[in-house]
Student: 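What follows is a structure written as structure tokens; I'll ask about it next.
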Protein chains: 2
Amino acid sequence: MQGNKIRNMDEFAALCGISRPTVSKYFHDPASVRPKTRARIEQALADYDYTPNIFAMNQNRKLTKNVGIVVPYLADPFFAEIARNLEQRCIDAGYRPSLHSSHGKPELENDILDSLRSLKPAGVLLAPLGRVSDPGVIEKFCADVPTVLFDSYLPDAGLAFVGSDNPQFSRLMVDYLCRTGEPPCFFEMKHPTNPNANRRRQSYIQAMTALGHEPQIFQAEGKGWDFEEIGRREGGRALAEGAFRTNTVLCSNDRLAIGFLSACYESKIRVGIEADCDIRVAGHDDHPFSRFTCPSLTTVAQDYEEISRRSVELLFAAIEGDKTEGTAGGTRQDYFLEGSLIMRKSA
Amino acid sequence: MQGNKIRNMDEFAALCGISRPTVSKYFHDPASVRPKTRARIEQALADYDYTPNIFAMNQNRKLTKNVGIVVPYLADPFFAEIARNLEQRCIDAGYRPSLHSSHGKPELENDILDSLRSLKPAGVLLAPLGRVSDPGVIEKFCADVPTVLFDSYLPDAGLAFVGSDNPQFSRLMVDYLCRTGEPPCFFEMKHPTNPNANRRRQSYIQAMTALGHEPQIFQAEGKGWDFEEIGRREGGRALAEGAFRTNTVLCSNDRLAIGFLSACYESKIRVGIEADCDIRVAGHDDHPFSRFTCPSLTTVAQDYEEISRRSVELLFAAIEGDKTEGTAGGTRQDYFLEGSLIMRKSA
DNA sequence: GCTGAAACTTTCCGCGCGTAAAATTTATTT
DNA sequence: AAATAAATTTTACGCGCGGAAAGTTTCAGC
């Protein structure tokens, strides 16, 4: 590790006594140069520590190793966890992930997609904002860049979609709740950003009707991504108004449920399945913190691992398939993964 | 928006009837070209929608507008929130943030710093992993790139440090707890990754001694970033062993406290300040979820806003100061922000 | 030891844009 | 209106690297 700073590949190649393109080839695939050459490069590499400039590399490359990951809101632990998982998988597959959060803002989502274009990514993993996304922009982007959508379903865009079978989620939970106690009321946001929420509501209604119960929905006012706060405030209001006809509340997602649990606690309403409890509460998603609520939250688990595993798998298959098949496209695949019931103490 | 794709600035400039460097100058500062020229460019911009390639832009620029943000673990809502805040501030200041998480791994932290070099960032906002960071690598990086460190203190590196006055945090909480009930026992991880934890322990001891109480510390086994899980498991163990001499527990951070609250609930130990409660629990940080725990968590709030505000302010001052002052350096500034007591229901 | 293919290396040009210096236009002054 | 100063635009080259084509070496087979 001598102090001499190496500015570029030319200088480094000179130090090796080899031409630059050969060194370039080495970095592309170390096994592609003669062992003797390789040894000299690796010796120099140990002596002078040099790293090729990644962005200059990608500038003129046919296929880069860049992968863009875009989530709607990174401060939501669900997306933070998914993003972490996706990033790791990309790294393991030899790609360079770059993470972006739309922070709930459509303009920012558009900006991110714009700047991703300059990155010339091999592919993009995109969880759209949902209702507020600009469909035109996203479709156009997907037409230009191999993109796998996840979490938030958008028709006719991208190579594939990977998400949850939301109707199955709600059906599963409604069945369970009805089987073990009073039928649930549904607690959700009036204007959910995520389209999953709508499917959950619809299938709640269906499942209830199928079981011969009358659906009852309480819609919380509020905008943005502060779901816990909305759940707490509006949940408290609903409780004060006696808005729930039964002693069971099914929340549209776990973050709302966490807020609602907090409201119950403040109203001294005991939550749980034990004899002395007043109300049962359940959620959707199996949020990372749901096992630590008091009581622990009964929910339907999204399969984080499987969502991320399959998303990257589909993307890489498409990227690497492109080499042989050309830009075939046309055969978009949608995967709706089943959730599993996580029975804890709250319902 | 005609369908013609514009590939580069040359083509776009030709469409405007202007030379490329002039267009380049326009993108650098629209006001720097003649109004007539500007109008023509903006007309063409509206007609053909073209965006300069960001990475090619930065390739040969003296000062880029890139800012790297590095946090140790993005799935921790504290860092997610800080990161969100920092990103927004950078955008507002006209910079291009790129977010990176070390995911708790020192190798990844090093890799991130490496790839940030190629980004030629104007500056970097870095929250090191802490104990497991490679100090040599970080110091070397800070010597090459203007860097403001935050959250995790590291001596002799970077332009500045912005973090919390941890001794003040613990002192504040110990004083409060002692004033309002039994003196607290301290609950922490045996091998904390974050150096803040050590300062909190030390000042807990000091504060207790100063008040004439004997400090008592329970150290949880466990590695990694699953603090809630560790808090729940080890907290449950401590409770079962009757390890706490008093009815008050001060947790080293809120995530640990959240896990501990969960353990209390499972052990049917009532937490809070009301008459029928068995134990008081407090934390440090004012984690985003702390207000939604049951009971809501009494804690010392880190000033998220101020940490991020001051971090970016210092960084941009240094970046923009460089133009005139040269790389003066030498005058590293450390800011240790005071926390404020957040009195909720748990203690 | 020689031929010829395979492997490797070198030459050369291009990616999309920044930027200094030169050439041109525009504004100001007398 | 001419001369000078100021602002703007153009010319020309470079950033750090990828990749095709041309040149050179290596090694098996005879």
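Sequence lines set the chain letters: A, B, ... in the order given, protein chains first and strands last, and positions in each chain run from 1. Hydrogens, waters and symmetry mates play no part in the numbers below; they use all other heavy atoms, side chains included.
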Student: Does B/R34 or B/P52 map to a spot on DNA chain C nearer the 5' end, using the closest nucleotide for each?
Tutor: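 Taking each residue's closest nucleotide, the earlier one in sequence belongs to B/P52.
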Student: List the steps, then state whether ring-ring contact (aromatic ring centres under 6.0 Å, His included) holds for A/F78 with A/Y73.
Tutor: CA-CA 9 Å; A/F78 168 74; A/Y73 199 80; over 10 Å; no
Student: From NZ of B/K36 over to C1' of C/dT26, roughly how many Å is that when rounded to an integer?
Tutor: 11 Å
Student: Scan B/T37 against the nucleic acid and name what it touches under 4.0 Å (heavy atoms): base, sugar-phosphate only, or nothing.
Tutor: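 Counting heavy atoms under 4.0 Å across all strands, the contact made by B/T37 is with sugar-phosphate only.
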Student: Please work out if A/S32 contacts a base, only the sugar-phosphate, or nothing of the nucleic acid, heavy-atom cut-off 4.0 Å.
Tutor: sugar-phosphate
Student: Which nucleotide, D/dC13, D/dG18, C/dG16, lies nearest any side-chain atom of B/R20?
Tutor: D/dC13
Student: Consider the side chain of A/M9, meaning its heavy atoms from C-beta on, and name the nucleotide among C/dC17, D/dC17, D/dG19 that approaches it most closely.
Tutor: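 Nucleotide nearest to A/M9's side chain: D/dC17.
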Student: Check this for me: does any side-chain nitrogen of one of A/K105 and A/E109 sit under 4.0 Å from a carboxylate oxygen of the other?
Tutor: no
Student: Which part of the nucleic acid does B/T22 contact within heavy-atom distance under 4.0 Å: base, sugar-phosphate only, or nothing?
Tutor: base
Student: Would you call A/E305 and A/R89 a salt bridge, using N to O less than 4.0 angstrom?
Tutor: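 Here A/E305 pairs with A/R89 in a salt bridge, since their nearest N and O are under 4.0 Å apart.
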Student: What integer distance in Å separates B/F27:CZ from C/dG18:P?
Tutor: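 Rounded to the whole Å, the gap is 9 Å.
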Student: What is the distance, to the nearest angstrom, from the CE atom on B/M57 to the P atom on D/dG14?
Tutor: 22 Å
Student: Using atom CG of B/N58 as one end and atom C1' of D/dC17 as the other, report the distance to the nearest whole Å.
Tutor: 16 Å
Student: Is the shortest distance from a Lys or Arg side-chain nitrogen in A/E306 or A/R309 to a carboxylate oxygen in the other one below 4.0 Å?
Tutor: yes
Student: Write down the distance between CZ (A/R38) and P (D/dT26), rounded to a whole number of angstrom.
Tutor: 19 Å
Student: Would you kindly give the CG-to-P distance between B/N53 and C/dC15, to the nearest whole Å?
Tutor: 13 Å
Student: Closer than 4.0 Å, any side-chain N/O of B/S24 to the OP1 or OP2 of C/dG18?
Tutor: yes
Student: Please check the phosphate of D/dC17 (OP1 and OP2 only) for any side-chain N or O of A/Y26 closer than 4.0 Å.
Tutor: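 Looking at the OP1 and OP2 atoms of D/dC17, neither is under 4.0 Å from any side-chain N or O of A/Y26.
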